[in-house]
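What follows is a short report on a single structure.
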Amino acid sequence: MPNILFYLTDLTYKIENEKPVIYLFGRTKEGKRIIIKDTSFQPYFYLIVKEEQALEKIKKLVLEDAKIIKIEPAKKNYFEKEILVYKAEVNYPSSVPKFKDELKNWKEVERVLEADILFTRRYLIDKKLTPMTLVKVEGEQIRDQAKVPVFLAKKIYQDDENSIIQPKILALDIETYNPEGKKMNPDRNPIIMLALKGEKFEKVLTWKRIDGKNIDVLNSEADLLQRFKEIIEEEQPDIITGYYSDGFDLPYIRARADKYKIKLDLGWDFSELSIKGRTEKTAEIKGIIHVDILKFIRRVMRTTLNTDTYDLESVSQELLGAHKHEVHLDLLAQTWDKEDKKQLKVFAEYNLHDSELCYQLCNKLLSNMLGLVKIISLPLFDVQRMSFSQLVEWYTIKKAQEFNELIPNKPGFYTQQERNKKRLHGAFVYKPIPGLYSNMVVFDYRSLYPSIIASHNISIGTVNGENCKEKETVPTEYGEAYVCKDKKGFLSVIIGEIISRRAEIKDALKKKPDSFLKARSEALKLLANSFYGYLAFSLARWYCFEGAEATTAWARYYVQDVIKKAKDSGFKVLYADTDSAFLLLENKTKKDALKFCEDINEKLPGLMELELQGYYPSGLFVGTKGTGTGAKKKYALLDENSKVIVKGFETVRRNWSFIAKEVQKEVLDIILKEQNKQKALKYVKETVKSLEKNQTEISKLIISTQLQKPIEEYESIGPHVAAAQILEKKGESVVPGMMLKFVICKGEGKIRDKVKLPEDVKQEDYDGDYYIEHQIIPSVETIFTVLGIDVQKELKEKDQKTLGDF
DNA sequence: TTTAGTCGGGG
DNA sequence: GTGTACGACTAAA
């Protein structure tokens with residue numbers, strides 16, 4: 001019997017001869033596509049019963065086609081306590097929910113468990129297989145209806161978990177006929193261009209005469225769709241990727257293909273491209289992994305990205321440093337109608353470029369995604385669409401199998417609502433005294449929340465657990481709580497494993513860099529940091545609010561402990577927030593700071609660790625505008641490499657004009673690097689002078705704001721709405737979501753009456769006073785206030801002096 | 001202030 | 001498919 005080594009990429013199941021059959025899709029080590037069939041796996045669920053005699057009755061229960069094959073007792077843990085349960089094996093996966101709905105109402109049945117774990121996922125967990133890695137099969141080739149060779153498995157098991165597939169990626173992007181602007185209608189409007197981009201492949205399909213390299217002109221939209229199908233078959237990609245392709249490109253392609261009765265049977269088993277879901281769609285092709293990059297970015301990369309809009313332009317800019325081609329998409333439909341060859345070529349290039357950006361994003365994020373697949377052990381298709389809480393939950397489900405823990409049920413609607421009402425006591429913040437400081441050190445606890453959960457045995461069965469002999473009191477200010485120390489908590493142990501594994505990988509990385517190991521380390525960090533949130537997440541199976549409360553209580557305790565010890569050792573404490581403390585060195589040295597850190601670490605339990613995060617020659621803390629007391633999470637630091645780090649200043653994030661951002665950055669630079677407030681003030685005065693004399697470049701004055709709704713719906717006409725009205729008057733289509741760029745110009749009336757579009761602004765038009773009052777002053781006011789300077793006053797005095805000079 | 005409803009992305 | 005996101009923001013109560 002031959003052995004086959006293959007990378008498992010995807011799986012599904014079918015019912016054949018009244019039995020469930022698992023289909024595993026993959027690529028052999030040599031790169032050949034294969035399907036493995038496994039008929040050895042049976043669906044099941046667990047029952048906790050009040051009266052054992054009910055089991056005989058249950059065994060005989062038949063609900064339509066649903067039958068129970070056997071019931072046998074098993075010892076499992078339920079919320080970390082040993083319990084006797086019954087494992088019920090049934091004929092079909094679809095029988096499971098039928099029995100669940102029936103049995104949950106029986107008075108003899110206490111609980112039905114693990115009846116909502118999808119069959120294919122259950123298969124992976126039970127067989128301990130990890131997708132995208134090497135799996136070994138013993139089996140024989142059989143004759144079957146499929147595009148690739150099919151084998152029937154006798155035995156199947158994980159081979160080398162560290163050997164990861166190098167998948168072939170093909171990115172796609174469509175352009176549609178869009179006479180109504182952003183309102184899209186797949187029933188009426190055709191696909192006019194379709195771009196595909198792979199490592200060695202790039203092509204735009206269209207059906208009107210456009211000349212150009214890589215442009216394939218077909219006779220009709222139907223031919224375009226046929227050609228698309230052929231290319232997928234020829235290229236045989238492992239991954240098809242797109243940007244919002246779950247919600248737009250693939251559903252649109254499917255809808256147009258349906259119109260022409262073209263069968264998109266792209267699956268390896270001749271199954272069709274399927275679109276599932278009502279509110280949130282997903283598009284799936286059996287055998288080919290469909291990756292929607294937008295979903296991964298929105299759900300997982302969200303926290304690491306600075307941008308808060310997730311359109312392709314913003315994301316490409318941040319992750320790739322690349323921009324989309326600039327085109328007037330609103331003109332696409334009329335250009336298409338006019339058959340303007342030259343302009344259509346511009347759109348075709350735009351289309352291809354979008355698919356290329358998507359290809360590059362997928363390539364770039366692939367190691368992050370595979371890092372997660374490796375840990376969670378679910379298909380890339382699934383992992384790529386999961387939120388943090390789902391990732392934590394499925395990691396925990398995988399681990400539950402190893403620890404013989406039963407998987408708790410998801411909460412019902414009522415329970416969720418109750419949980420949502422609860423508010424958690426958060427982090428401790430020691431507010432700074434506004435000022436400019438020199439020689440600071442910053443300490444922070446490495447992975448504070450996860451390390452507390454691991455080190456203090458926080459878990460669902462240990463926090464305020466029953467029948468407890470050895471207890472540790474939680475240092476909480478609100479009520480009383482303890483953690484039971486009699487035995488290790490399940491959640492605490494698995495989070496400890498994540499932390500330790502990450503430490504090992506980081507050590508290995510120090511010796512030898514490796515991109516996949518690096519991605520795994522990042523994935524582990526992500527998972528560890530999500531655990532605390534998961535404990536307080538209302539939809540969590542392992543919901544543990546008291547555990548989350550205990551975690552933040554300890555976090556507050558440890559940060560305050562650093563503050564207290566720092567004061568005792570003669571450091572001045574400047575600021576502390578959540579897991580970090582900022583100390584002033586004064587007459588102490590960096591060596592003293594390191595010694596202080598070591599002393600604290602000696603007394604910390606388990607995996608907890610305080611780190612010297614950095615040394616900063618200077619730092620500035622500002623006050624809030626109203627009260628003047630120290631603002632939280634708002635400061636600027638100069639690091640040892642003379643780099644200025646700015647946190648929490650609004651100009652960094654919001655849509656301020658470039659000039660406001662530039663002035664703020666320059667002022668912080670001068671103050672932190674040269675400690676020269678007069679020079680900073682002089683700089684501001686010069687900028688103001690240039691503004692007053694209308695010498696500032698128009699491009700630095702553009703303010704951009706996103707239009708949130710149709711302009712008719714705005715009651716108060718803000719400047720961006722005024723800009724939208726001007727655009728509309730010019731005959732351009734204005735739709736919600738578009739970015740409006742405008743400049744405030746001289747004139748009478750309200751701000752909205754002074755709005756002009758950048759291209760209409762002449763050098764002498766702009767309103768310098770507006771920019772001084774509403775952009776420059778607000779961006780630097782709090783900084784100067786800290787330094788004892790009233791900018792407002794200083795700038796007015798300057799005015800009088802210049803008047804006096806004349 | 002609380003609650004119910006919509007939106008994101010895509011052309 | 002052994003299914004139905006989620007967090008932010010806005011409008012209405």
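Every chain is numbered from 1, with letters handed out A, B, ... down the list of sequences.
Between A:Lys203 and A:Asp216, at least one side-chain N (NZ, or NE/NH1/NH2) sits under 4.0 Å from a carboxylate O, which counts as a salt bridge. By the 4.0 Å N-to-carboxylate-O rule, A:Asp246 lies close enough to A:Arg385 to be salt-bridged with it. A salt bridge does not link A:Asp223 to A:Arg227: none of the charged nitrogens lies less than 4.0 Å from a carboxylate oxygen. Between A:Asp116 and A:Arg122, none of the side-chain N atoms (NZ, or NE/NH1/NH2) sits under 4.0 Å from a carboxylate O, so this pair counts as no salt bridge. Salt bridge absent: A:Lys128 and A:Glu402 never bring a charged side-chain N and a carboxylate O closer than 4.0 Å.
Here the C1' atom of nucleotide B:dC7 and the CG atom of A:Leu294 are 13 Å apart, to the nearest Å. One interatomic measurement links the two molecules: OH of A:Tyr534 to P of C:dC6, which rounds to 11 Å at whole-angstrom precision. Following rounding to the nearest Å, A:Leu305 (CG) and B:dG9 (P) show an atom-to-atom distance of 12 Å. Protein atom OH of A:Tyr244 is 7 Å distant from nucleotide atom C1' of B:dG10, rounded to whole Å. Residue A:Leu332 contributes atom CG, which lies 15 Å from atom P of B:dG10 at whole-angstrom precision. Rounded to an integer number of Å, the gap from CG of A:Leu391 to P of C:dC6 is 11 Å. In this entry the distance linking CG of A:Leu539 with P of C:dG7 reads 8 Å, nearest Å.
Across all strands shown, A:Tyr310 has heavy atoms under 4.0 Å from sugar-phosphate atoms exclusively, and none from any base. Note on A:Lys410: only backbone sugar-phosphate atoms sit closer than 4.0 angstrom, heavy atoms only; bases stay farther off. Within 4.0 Å (heavy atoms only), A:Lys276 reaches at least one base atom of the nucleic acid. Backbone-only engagement by A:Tyr13 is indicated by non-hydrogen atom pairs under 4.0 Å involving sugar-phosphate atoms exclusively. When heavy atoms are screened at a 4.0 angstrom cut-off, A:Asp173 is found touching the sugar-phosphate backbone but no base atom. At the heavy-atom level, A:Arg121 lies nowhere under 4.0 Å from the strands shown. At the heavy-atom level, A:Pro97 lies under 4.0 Å from the strands shown only through sugar-phosphate atoms. Nucleic acid contact for A:Phe99: none, since no nucleic acid atom lies under 4.0 Å from a heavy atom of the residue. Backbone-only engagement by A:Phe537 is indicated by non-hydrogen atom pairs under 4.0 Å involving sugar-phosphate atoms exclusively. Among the protein residues, A:Gly277 comes within range of the nucleic acid bases, having at least one heavy atom under 4.0 Å from a base atom. Counting non-hydrogen atoms under 4.0 angstrom, A:Ser245 reaches nothing in the nucleic acid. Looking at heavy-atom distances under 4.0 Å, A:Arg299 makes contact with a base.
A donor and an acceptor atom sit less than 3.5 Å apart, one in the side chain of A:Asp330 and one in the base of B:dG11.
C:dG1 and C:dA5: their P atoms are spaced 13 Å apart (whole Å). One C1' atom belongs to B:dG9, the other to C:dC6, and the distance between them is 15 Å to the nearest Å. When the C1' atom is used for both C:dT2 and B:dG8, the distance is 30 Å, rounded to whole Å.
Dashed line: the shortest gap from a side-chain N or O of A:Thr279 to OP1 or OP2 of C:dA5 is not under 4.0 Å.
Judged by distance alone, with hydrogens and angles left aside, the side-chain atoms of A:Glu313 form a donor-acceptor pair with the main-chain N or O of A:Lys324 at under 3.5 Å.
Annotation: of the two residues near DNA chain C, A:Val96 and A:Arg298, the 5′-most nearest-nucleotide partner is A:Val96. Summary of the strand contacts: A:Glu280 and A:Tyr350 both lie near DNA chain B, and taking for each the nucleotide with the nearest heavy atom, the more 5' one is attributed to A:Glu280.
Shown here is A:His425, whose NE2 atom has more than 12 heavy atoms of other residues, nucleotides or ligands within 6.0 Å. The neighbour count for A:Lys14 NZ, taken as heavy atoms of other residues, nucleotides or ligands under 6.0 Å away, is above 12.
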Take A:Glu16 and A:Tyr23 through the test side chain to side chain donor-acceptor pair (under 3.5 Å) and record every step on the way to the result. CA-CA 11 Å; A:Glu16 287 171 5; A:Tyr23 277 59; 2.4 Å; yes
Once each nucleotide of nucleotides 1-6 of chain B is scored for protein heavy atoms under 4.0 Å, what B/S/- sequence comes out, 5' to 3'? ------
